[in-house]
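A, B, ... follow the sequence lines: proteins, then strands. Residue 1 opens every chain.
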Protein chains: 2
Amino acid sequence: MGLKTTPTPAIPRTTSRDALLIDGSDAEFRKLVHGLLALSTRHEALRDGHGARIGLAGPAYTILISVRDLAAQGPITVSGVAEHLKVSGAFITAETNKLETRGLVTKTRHPEDGRRVLLSVTEAGRALLADLAPVQTILNDVEFGPLTRAEFRTMLRVIERLIPAADRALELQAAMAAGDARGVA
Amino acid sequence: MGLKTTPTPAIPRTTSRDALLIDGSDAEFRKLVHGLLALSTRHEALRDGHGARIGLAGPAYTILISVRDLAAQGPITVSGVAEHLKVSGAFITAETNKLETRGLVTKTRHPEDGRRVLLSVTEAGRALLADLAPVQTILNDVEFGPLTRAEFRTMLRVIERLIPAADRALELQAAMAAGDARGVA
DNA sequence: CCGTATTAGCGAAGTAAGTTAGACATTATC
DNA sequence: GATAATGTCTAACTTACTTCGCTAATACGG
């Protein structure tokens, strides 16, 4: 000792929850955050490939499948998709218009609220997605191959609780940013 | 019966693994995939906010923190970061040049391979990230608040296995796309 | 009711986040 | 020692978005 090899400067903690600290360190937690990022970038790359196979860009594919799956559990509007994907409504408008032109989705007025526009996937859209399904199955089996049934259940349960928590964090972040802006002004 | 209410057209399966099917349906599995997407979009939005707080765009922030954390476990190069984040090397070059101009990272020649460029985060860069840490802690505690210690461990273990699996899926996807291209030609 | 404020969607225009292509220097291969 | 391959960089381009301003429809306070 006495000789500095590589100082490895201290990295400050980014969580204070006991459940997420191991021996008082958040190293494992940061690994989780990092892993989550790595996984989502890879998943997005796969998504781009899925889209490409049916002639859609990644975002268009994501929107199409989101409309299909969200519509399955209740009426879904332009702004509903926007909020779900955390993008601007204008973007969903533009993309769904293109998808409508291609005959993959339909846009209809909401019967009770004329401002809103209901989205749904056409038969052609469903057929397109159905074409993709066999390939998707092969790739999903590889991508999620290491997942046991128990882990699958845990992941599902966890993620469903994590989404609203992330939304709360987003609200808090917005509130803090707004507070800072006021404080500076 | 006999009266069609809403036909609810069949959605084809996208996995064939028993562990991921519940009563023969992949509905829960698709929920997982969807949830993963929803979570990652929210996480990315939070990341943008973190970046904004220290004057960086989301991607620049992500690259900075990736360099710091990857460098902690061994030498890291431009292409190393590119592969980790699944973006082009050229993009990492451009962004790290900006970060270098701002004095947040340094780029040095690899001593044994003159083509490669080693990246590291400067003291100023570390200080900037350290400034952010307290706010990050607050938000992470909210975002990951619902996570128990057991779930945390499971998630970590699962994600670390899922990343290489996703990489294998990507390779397979690329191979299939290439095969199709040849087949068509 | 009636004005006013909100909310939903749209289109145009701009910005940022990437990509591809090509040049160049360095290293590996034969 | 030539040829190929790898790693980085720059420039030019594309795509994935956002913001802004508009119109139409609903909601709300007097």
Trainee: Would you say A/Thr77 places a side-chain N or O within less than 4.0 Å of OP1 or OP2 belonging to C/dA8?
Mentor: no
Trainee: For the residue pair A/Phe152 and B/Phe29, categorise the inter-ring angle as parallel (less than 30°), tilted (30 to 60°) or perpendicular (more than 60°).
Mentor: tilted
Trainee: Can you measure A/Leu119 atom CG to C/dA8 atom C1' for me and round it to whole angstrom units?
Mentor: 12 Å
Trainee: If we only count heavy atoms from C-beta on, is the B/Leu64 to B/Val121 side-chain gap below 4.5 Å?
Mentor: yes
Trainee: For the pair made of CZ in A/Arg109 and P in D/dA24, what is the distance, rounded to whole Å?
Mentor: 10 Å
Trainee: Would you mind classifying the nucleic acid contact of B/Gly114 as base, sugar-phosphate or nothing, using non-hydrogen atoms under 4.0 angstrom?
Mentor: sugar-phosphate
Trainee: Atom CD of B/Glu44 and atom P of C/dA16: how far apart are they, to the nearest Å?
Mentor: 16 Å
Trainee: Is it the case that the side chain of B/Arg116 and the backbone of B/Ser79 share a donor-acceptor pair, with hydrogens and angles ignored and the cut-off at 3.5 Å?
Mentor: no
Trainee: Please report the closest heavy-atom contact between B/Leu147 and A/Ala19, naming both atoms and the distance.
Mentor: O-CB, 4.0 Å
Trainee: On DNA chain D, nearest-nucleotide positions of A/His110 versus A/Lys86: which is more 5'?
Mentor: A/Lys86
Trainee: Identify whether the distance between the nearest side-chain nitrogen and carboxylate oxygen of B/Glu143 and B/Arg42 falls below 4.0 Å.
Mentor: no
Trainee: Have a look at A/Glu83 and say if it touches a base, only the backbone sugar-phosphate, or nothing, with a 4.0 Å heavy-atom cut-off.
Mentor: nothing
Trainee: Take the C1' atoms of the five end pairs on each side of the helix from C/dC1-D/dG30 to C/dC30-D/dG1, get both axes, and report the angle to 10 degrees.
Mentor: 30°
Trainee: Rounded to whole Å, please give me the gap between CD in B/Glu95 and P in D/dT8.
Mentor: 16 Å
Trainee: Quick one: side chain to side chain donor-acceptor pair (under 3.5 Å) pairs with a partner in residues 58-67 of chain B, sequence neighbours left out?
Mentor: B/Tyr61-B/Gln136
Trainee: To the nearest Å, how far apart are B/Leu85 CG and C/dA17 P?
Mentor: 14 Å
Trainee: Between B/Lys107 and D/dC9, is there a contact of a side-chain N or O with OP1 or OP2 at under 4.0 Å?
Mentor: yes
Trainee: What distance separates B/Thr96 OG1 from B/Lys98 NZ, expressed to the nearest 0.5 Å?
Mentor: 10.0 Å
Trainee: Whether A/Lys86 and A/Asp167 form a salt bridge (side-chain N of Lys/Arg under 4.0 Å from carboxylate O of Asp/Glu) is what I want to check.
Mentor: yes
Trainee: Could you check which of C/dC10, D/dT18, D/dT26 has an atom nearest any side-chain atom of A/Asp113?
Mentor: D/dT26
Trainee: Specify the separation, in whole Å, of atom CZ of B/Arg116 and atom C1' of D/dC9.
Mentor: 17 Å
Trainee: Report all interatomic pairs (protein N or O, nucleotide N or O of nucleotides 10-15 of chain D) with separations under 3.5 Å.
Mentor:
| residue | atom | partner | partner atom | Å |
| --- | --- | --- | --- | --- |
| D/dT10 | OP2 | B/Asn97 | ND2 | 3.0 |

Trainee: Would you call A/Arg47-A/Glu44 a salt bridge at under 4.0 Å N-O?
Mentor: no
Trainee: Is a donor-acceptor pair below 3.5 Å formed from side chain B/Arg115 to base D/dT8, judging by atom type as modelled?
Mentor: no
Trainee: Kindly point out which of D/dT18, C/dG9, D/dT8 is positioned nearest to the side chain of B/Ser79?
Mentor: D/dT8
Trainee: Starting at the 5' end of DNA chain D, which residue's closest nucleotide do you reach first, A/Pro111 or A/Gly58?
Mentor: A/Gly58
Trainee: Is any side-chain N of the basic residue among B/Glu171 and B/Arg168 closer than 4.0 Å to the acidic one's carboxylate O?
Mentor: no
Trainee: Counting only side-chain N and O atoms of A/Ser88, is one of them less than 4.0 Å from OP1 or OP2 of D/dC17?
Mentor: no
Trainee: Just how far, in rounded Å, is P of D/dC17 from CG of A/Asp48?
Mentor: 10 Å
Trainee: Tell me the interatomic distance from A/Leu99, atom CG, to D/dA16, atom C1', rounded to whole angstroms.
Mentor: 14 Å
